[in-house]
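The residues of the chain are indexed from 1 along the displayed sequence.
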Amino acid sequence: MNKGTALVTGASGGIGSAIAEALAREGYNIAVHYNSDRDGALHTCSLVEKAGGRAAALQCDIADCGAVERIVEDTRILLGDITLLVNNAGVAEICPFAETGPGQWQRMLDINLTGMYNCCHTVLPHMVRQYQDSGRQCGVVNISSVWGIYGASCEVAYSAAKAGVIGFTQALAKEYAPSGIRVNCVAPGCIETRMVAHLDKEALEDIIDRTPLGRLGRPEDTAAAVVFLASEGASFITGITLPVTGGFC
């Protein structure tokens, strides 16, 4: 069953690639957004196509509103109207707060928070129009982080941005529910991706020790949560943040 088109930001690898592949198996065509890793985006496109979906790799800096408008229009031309937006693109950085300069702070907000705003602000009018014209319900899933819930030492900027994602989700869900648009959030814990590659063995073992399920998460764990929140099985769920953390707290 064709479910329309999903725009997945930051889909050139890791969690984003797993989300794109999983949604393709559910019947979505996928707009694979990337910023710099074109090879990774093309690999994700191949996974989407093997899973039965159509795919297009689209490049932009999501902190640039004009560039986001361009890829949204390209998506509609190449793959059709967007019925699901997954705001996954993000960056993380470990840095003591005292050493976090204004530029680093702004970069965290620009990509992790403003990028999500740019995508939602551009896509939502198209989703509202679909609901008004045909009653078709659409959805948004934002990717936050466990640190957006609990905060992390030496990651104040990242934690603040990801906490903003959660507040944004809760407020937007209330505003757009009457327009048939559900807005939810997934907060992954420590997932085996390039984003945690900088952690040494001792740090990873400490995280595993603090995780009741006794392992790191896999990208597929987060992807499964996104698939659920986008599904008919979650049709009465909006405004929630679903932790995918293995019990970490």
Side-chain angles (χ1 to χ4, degrees), residues 6-11 15-16 19 23 31 33 35 60-69 71-72 75 82-93 100 104-131 137-152 155-189 191 195 222-223 225-230 234-245:
L7 169 57
V8 183
T9 68
I15 291 173
I19 291 171
L23 289 173
H33 161 264
N35 184 25
C60 86
D61 175 359
I62 61 167
D64 180 341
C65 188
V68 170
E69 291 172 355
I71 69 160
V72 167
T75 296
I82 296 170
T83 55
L84 176 65
L85 169 62
V86 182
N87 286 302
N88 169 72
V91 293
E93 185 175 26
T100 301
Q104 291 169 288
W105 171 265
Q106 194 60 53
R107 178 171 175 266
M108 284 291 140
L109 296 183
D110 284 347
I111 298 174
N112 293 311
L113 194 54
T114 302
M116 177 187 62
Y117 159 83
N118 288 338
C119 292
C120 286
H121 199 259
T122 304
V123 170
L124 282 171
H126 300 291
M127 289 185 169
V128 170
R129 191 152 44 246
Q130 290 181 70
Y131 184 68
Q137 296 189 346
C138 300
V140 177
V141 181
N142 299 319
I143 307 300
S144 178
S145 166
V146 64
W147 301 136
I149 301 173
Y150 300 115
E155 292 190 68
V156 171
Y158 179 76
S159 298
K162 289 301 188 179
V165 171
I166 293 171
F168 181 100
T169 297
Q170 293 169 336
L172 197 68
K174 293 176 181 178
E175 189 166 338
Y176 277 86
S179 297
I181 298 167
R182 294 187 298 108
V183 185
N184 289 297
C185 183
V186 175
I191 308 295
M195 196 172 278
T222 302
V226 172
V227 167
F228 167 67
L229 289 174
S235 64
F236 199 55
I237 298 174
T238 194
I240 66 103
T241 296
L242 176 60
V244 181
T245 64

Name each donor-acceptor pair under 3.5 Å that joins a side chain in residues 234-243 to protein atoms two or more places apart or in another chain, with its distance.
unit_1: S235; atom_1: OG; unit_2: E232; atom_2: O; d: 3.2
unit_1: T238; atom_1: OG1; unit_2: V183; atom_2: N; d: 3.0
unit_1: T238; atom_1: OG1; unit_2: V183; atom_2: O; d: 3.4

Could you go through residues 162-181 and list every donor-acceptor pair under 3.5 Å that involves a side-chain atom there, pairing it with any protein atom two or more places apart or in another chain?
unit_1: K162; atom_1: NZ; unit_2: I143; atom_2: O; d: 3.0
unit_1: T169; atom_1: OG1; unit_2: N142; atom_2: ND2; d: 2.9
unit_1: T169; atom_1: OG1; unit_2: V165; atom_2: O; d: 2.8

Show which side-chain atoms of residues 121-128 pair as donor or acceptor with protein atoms under 3.5 Å away, not counting sequence neighbours.
unit_1: T122; atom_1: OG1; unit_2: N118; atom_2: O; d: 2.8
unit_1: H126; atom_1: ND1; unit_2: R129; atom_2: NH2; d: 3.0

Q. Hey, mind stepping through V68 and C60 against side-chain contact (heavy atoms from CB on, under 4.5 Å) and telling me if it holds?
A. CA-CA 7 Å; V68 170; C60 86; 4.2 Å; yes
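A donor-acceptor pair under 3.5 Å is formed between the side chain of S159 and the backbone N or O of A152. Put simply, the side chain of T9 gets close to the backbone of N88: a donor and an acceptor are under 3.5 Å apart. Between the side chain of R182 and the backbone N or O of Q137 there is no donor-acceptor pair closer than 3.5 Å.
Among all heavy-atom pairs drawn from E155 and E93, the shortest one is CG-O, 3.7 Å. The nearest pair of heavy atoms linking G189 to V146 is CA-CG1, 3.8 Å. The minimum heavy-atom distance between T83 and Q130, with the atom names listed, is CG2-OE1, 3.6 Å. Nearest heavy-atom pair across A157 and M108 is CB-CG, 3.7 Å. Here the shortest heavy-atom pairing between A31 and T75 reads CB-OG1, 3.5 Å. In this structure, S144 and C185 approach most closely via the heavy-atom pair CB-SG, 3.5 Å.
Residue C119 holds its SG atom at 6.0 Å from CD1 of I71, rounded to the nearest 0.5 Å. Considering OH of Y158 and OG1 of T100, their distance stands at 14.5 Å, rounded to 0.5 Å. The CG atom of L113 lies 11.5 Å from the CD1 atom of I111; values are rounded to the nearest 0.5 Å. Separation of atoms CD1 (I62) and NE2 (H33) is listed at 5.5 Å; rounding is to 0.5 Å. Within the model, atoms CD1 of I191 and OG1 of T222 stand 4.0 Å from one another, a figure rounded to the nearest 0.5 Å.
Residues passing the side-chain contact (heavy atoms from CB on, under 4.5 Å) test with Q106 are L109, D110, sequence neighbours excluded. Listed by chain and number, the residues in a side-chain contact (heavy atoms from CB on, under 4.5 Å) with A11 are V8, V32 (sequence neighbours excluded).
Inter-residue side-chain proximity for V86 and V226 is flagged as met; some heavy-atom pair is nearer than 4.5 Å.
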